[in-house]
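Right, one structure below, let's go through it.
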Amino acid sequence: MSTTSSLPAARYVQPALKETLTCEQLESSFRDEAMAATECAYFARIAEIEGEPEMARALRELAEQHTINARGSLDLLMRAREPLTGRPFGNTRSNVAALSAFYGGDAEAQQNRSRTARNEGFSDISSWFTSLSRLRHAHSERLAALLTKAEPTDP
Amino acid sequence: MYVGSTGAAGVMQLVIEVLQNALDEALAGKATRIDVTVDAQGRWTVEDDGRGMPLDMHASGRPIPEVLVSELHAGGKFKEGAYTLPGGLHGVGLTCVNALSAEFTLDVRRGGQLWSGGWAEGRRVAPFQRAGDATSTGTRVSFRPDPTIFGAERADPQVVERWLRSQCWLTAGLTCTLNHPGGSVSFSSDDGLAGFARWLGGAHELVHADPIVTTAAAGAADVQVDAALLWTRAFAEEVVCFVNHVHTPLGGAHADGFRAAVGHALTRYARETRLLDPTEPLDGSDAMEGLVAVLSVRMRDPHFEGQTKTRLLDTAAGQAVEAAVGAALAAWLRAHPTDAAAIVGRAIEASRARTASRRASERARYERVEHLVDKEIYRQQFGIRSKNWHTSADWITNRGLLGLHGGSSKMSEDAVILDVCCGSGVVGASFRGKVGRIIGLDLTPEMVALASTRLDEVILGDVYEIPFPDNTFDGVCNREVLHLLPQPERPLSEIFRVIKPGGQFVVGQWVPFSAVDGPWMFQVVKKKQPLFVNNLYDEDMRALLDGAGFINVTTEEFLQWEDIDNWIATWETPPLHRHQIKDLYVHAPQEVRDVHPFEISATGAIRDCWRWVIYSAFKPG
């Protein structure tokens, strides 16, 4: 006698994630986790310097957790879009292409921020944004050159 | 790479490895001398008067010393009980040194016999065998680092000297000698860590006369903790940490425990004795300001970050240090109320200065663009810094750099020039002999007094409103000021205004090497100097000069090495920022390291290469 079930295999169909509120919230969660990871790691070092090793340890452990969580959100976002540019991503070529596009666009955004800061009287913050803008250009060019080099050549 | 680098730091690690082996004999109570020689070719020889390596045969049928220098993890100290608390690279030390040396020789004197052997690039060229009789005991290692690996890099004898000096303070009864092409020096000490702390205190004014010395075995990990603390009136702290006599320049758990102990002990005492208002904050970093200290931890089986042992990871050691130093310091403070009041007063002073510095940074910005800078902040800072202006940074009096300013002059011998924001007047003075008369202008009365000893006349005044009519001077000079001035276009237009048609403007400014090190350098400088507002790149300087109306811009570049530890030991840089600046160097991204040269020595000292550009420009005739 056969023991094979006559029931059909379970199929779990999800809607497309892109352009949904869930996608936006996943991006927000990613940003929050990434920011918290940076803050916790930075604050941990300040705690070390200020002679608070127990708090430093706790903050370092939290930073590790936030980093893992951010990566978890990023993994889920691979179904939809890269959060900085809205481009598809997942493998190295598409990841690098997305970052290259981000750097190129953000160079201009940083310059605009620099102008705002200057108009509002914050010379040092304006200069910081300009420095970041130049770095973005350099990074965009670096990644673009890598992508060009990696393009398959015609026989 | 077990030695961490193929640069000078890697060569130094080789020297330290051999020294550490000799030191292990002294720590075992079997050696009283370590003699070190380096010759002009970079060959290092380290000799101790210990027992000499065992000359027994290894299981492989070869003499044990030969195995020790040619096989990884064969160190005799790793045989149970040979050494209680060894240093070195976990049994790879001598093997690494041998493998990375063009020439390597080993001589062992033991049991009335002398045995010798030789290697080249790690391969045996002379078998290790009996070479004669010996009337004493000891081990002698001689090696020349392989130039195909390290190029022309050399270990700095001054760093070795400091290492030997340190070990003599840490090890009772040890005498060390260093012979180098420049001379010979010998050390021994009978006052231990207290002497070490006094030496670190150097010429600084002291807050209390005698170092606080603590010694205790503490914690579940049975950690022996020894420390000496001495507060000075200097701004920077210097805490030198050791684990089993190995210097840990990046600190780690023991250093963190030490900071916690000092911070908590001082804060608690300050509150108990009502020296500190209950609502007033006192950070651990304030308690550390001006402190010079030595911390020596001895423990079994320490764990480090990296093979070169720069940072201790054991949390239990940190807790042991915190408990031992905290208890000893608290008891000392209670027993010495006069000195305790002075030390706590110093920390409270540091806390208030930090708050003032932060407020200065906040007040230095414009609320709206048409508002002027708060000049009082500049006056206050540079007034304080004028007291040790010339020793506060290397760039200020660097002859090569100054020479490029004066050397840029295209003016006649009877020209009259203005040195704007002249400071002590050294830039204007670099034009001496090339022009007829040099006038200085500065906002700070103390700097005006200093510059008056160098320049023909010095005026108290403001670069935003230069107190001279149009077309007064044949030339203007200035250095390293525009990055501190909001809206630098305004002072530049003032400079342009007071120069005669056809006159020259010479201005020196450090700039980032490229877009890649710009944001990193911004953070370094901003943490050092709260008044820093413009991260000026070469292209910014050219645009500013062009925008002001100057023409015929030419440049000269100058690379200058700055002692960062000295540069940040200054009033306007809070203790937290000094640590963060060092962190920025230690953790600099590889991209930055690729374009911006800097060095971190085996002792943790930092030297940064600054890119100076000296611009020469002219007002149209």
Side-chain angles (χ1 to χ4, degrees), chain A residues 38-39 41-61 63-64 96 99-100 103-104 106-111 113-146, chain B residues 251 253 255-264 266-267 283-288 315 318-319 322 361 364-371 373 483 485-488 512 514-523 526 530-537 539-540 575-580 583 587 591:
Chain A
T38 304
E39 284 197 358
Y42 192 56
F43 295 167
R45 180 59 184 138
I46 291 174
E48 277 177 3
I49 294 168
E50 290 184 350
E52 302 286 357
E54 271 186 47
M55 289 197 220
R57 259 194 306 284
L59 288 166
R60 279 210 191 290
E61 286 166 14
E64 289 169 6
V96 172
L99 281 175
S100 178
Y103 291 143
D106 198 55
E108 184 60 34
Q110 296 285 0
Q111 210 50 58
R113 289 170 195 147
S114 174
R115 273 191 287 275
T116 303
R118 186 178 169 81
N119 289 339
E120 291 184 348
F122 299 97
S123 296
D124 51 353
I125 299 172
S126 168
S127 182
W128 171 244
F129 285 140
T130 301
S131 300
L132 289 180
S133 173
R134 287 173 175 152
L135 185 63
R136 295 283 193 267
H137 268 303
H139 285 166
S140 175
E141 285 171 10
R142 182 178 179 182
L143 294 189
L146 276 176
Chain B
D256 295 344
F258 181 81
R259 301 182 68 79
V262 172
H264 293 162
L266 260 60
T267 305
D283 279 357
S285 54
D286 299 323
M288 299 292 287
T315 308
Q319 290 164 345
E322 186 173 347
S361 173
R365 68 175 168 80
Y366 292 171
E367 287 300 331
R368 288 203 299 274
V369 284
E370 65 268 25
H371 283 198
V373 177
H483 65 304
L485 303 177
Q487 282 199 316
S514 78
V516 168
D517 66 330
W520 174 81
M521 196 141 184
F522 180 105
Q523 292 175 73
K526 185 68 179 171
L531 296 176
F532 173 66
V533 289
N534 302 312
N535 195 23
L536 294 170
Y537 293 61
E539 65 210 74
D540 295 325
L576 173 66
H577 286 192
R578 288 186 204 117
H579 282 276
Q580 291 177 323
D583 286 350
H587 303 295
E591 263 195 328

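Note that this is a predicted model, so its numbers are computed, not measured. Hydrogens, waters and symmetry mates play no part in the numbers below; they use all other heavy atoms, side chains included. By convention in this document, chain letters (A, B, ...) are assigned in the order of the sequence lines, proteins followed by strands, and residues within each chain are numbered from 1.
- Ranked by heavy-atom pairs shorter than 4.5 Å toward chain A, the options Gln580(B), Glu591(B), Arg259(B) are led by Arg259(B).
- In terms of heavy-atom proximity, Ser123(A) sits nearest to Gln487(B) at OG-N, 4.3 Å.
- Using a 4.5 Å cut-off between heavy atoms, His137(A) makes no contact with chain B at all.
- Neither the backbone nor the side chain of His483(B) comes within contact range of chain A; no heavy atoms are under 4.5 Å apart.
- When heavy atoms are compared at a cutoff of 4.5 Å, Asp583(B) approaches chain A solely by way of its side chain, counted from C-beta outward.
- Listed here is the closest heavy atom pair of Val533(B) and Ser127(A): O-CB, 3.2 Å.
- When Gly318(B), Gly263(B), Ala287(B), Ser285(B) are compared by the number of non-hydrogen pairs under 4.5 Å with chain A, Ser285(B) comes out ahead.
- Pairing each heavy atom of Phe532(B) with each of Asp124(A), the nearest pair is O-CB, 3.7 Å.
- Contact annotation: the side chain of Met288(B) never approaches that of Glu50(A) to less than 4.5 Å [non-hydrogen atoms, C-beta and beyond].
- Open room surrounds CZ on Arg142(A); 12 or fewer heavy atoms of other groups in view lie less than 6.0 Å from it.
- At least one side-chain heavy atom of Arg45(A) sits less than 4.5 Å from a side-chain heavy atom of His579(B).
- Here Glu539(B) is the residue among Glu322(B), Glu539(B), Gln523(B), Met521(B) with the most heavy-atom pairs under 4.5 Å with chain A.
- For the set His139(A), Arg136(A), Glu48(A), the entry with the most heavy-atom pairs within less than 4.5 Å of chain B is Glu48(A).
- Contact between Arg57(A) and Thr315(B) at its shortest, heavy atoms only, is NH1-CG2, 3.2 Å.
- The shortest heavy-atom contact between Pro519(B) and Ser131(A) is CG-O, 3.6 Å.
- Side-chain contact check for Thr130(A) versus Asn535(B): every heavy-atom pair is 4.5 Å or farther apart.
- Looking at Phe129(A), there are no atoms closer than 4.5 Å to chain B (heavy atoms on both sides), in backbone or side chain.
- Rounding to the nearest 0.5 angstrom, the gap separating the CD1 atom in Ile49(A) from the CZ atom in Arg578(B) is 12.0 Å.
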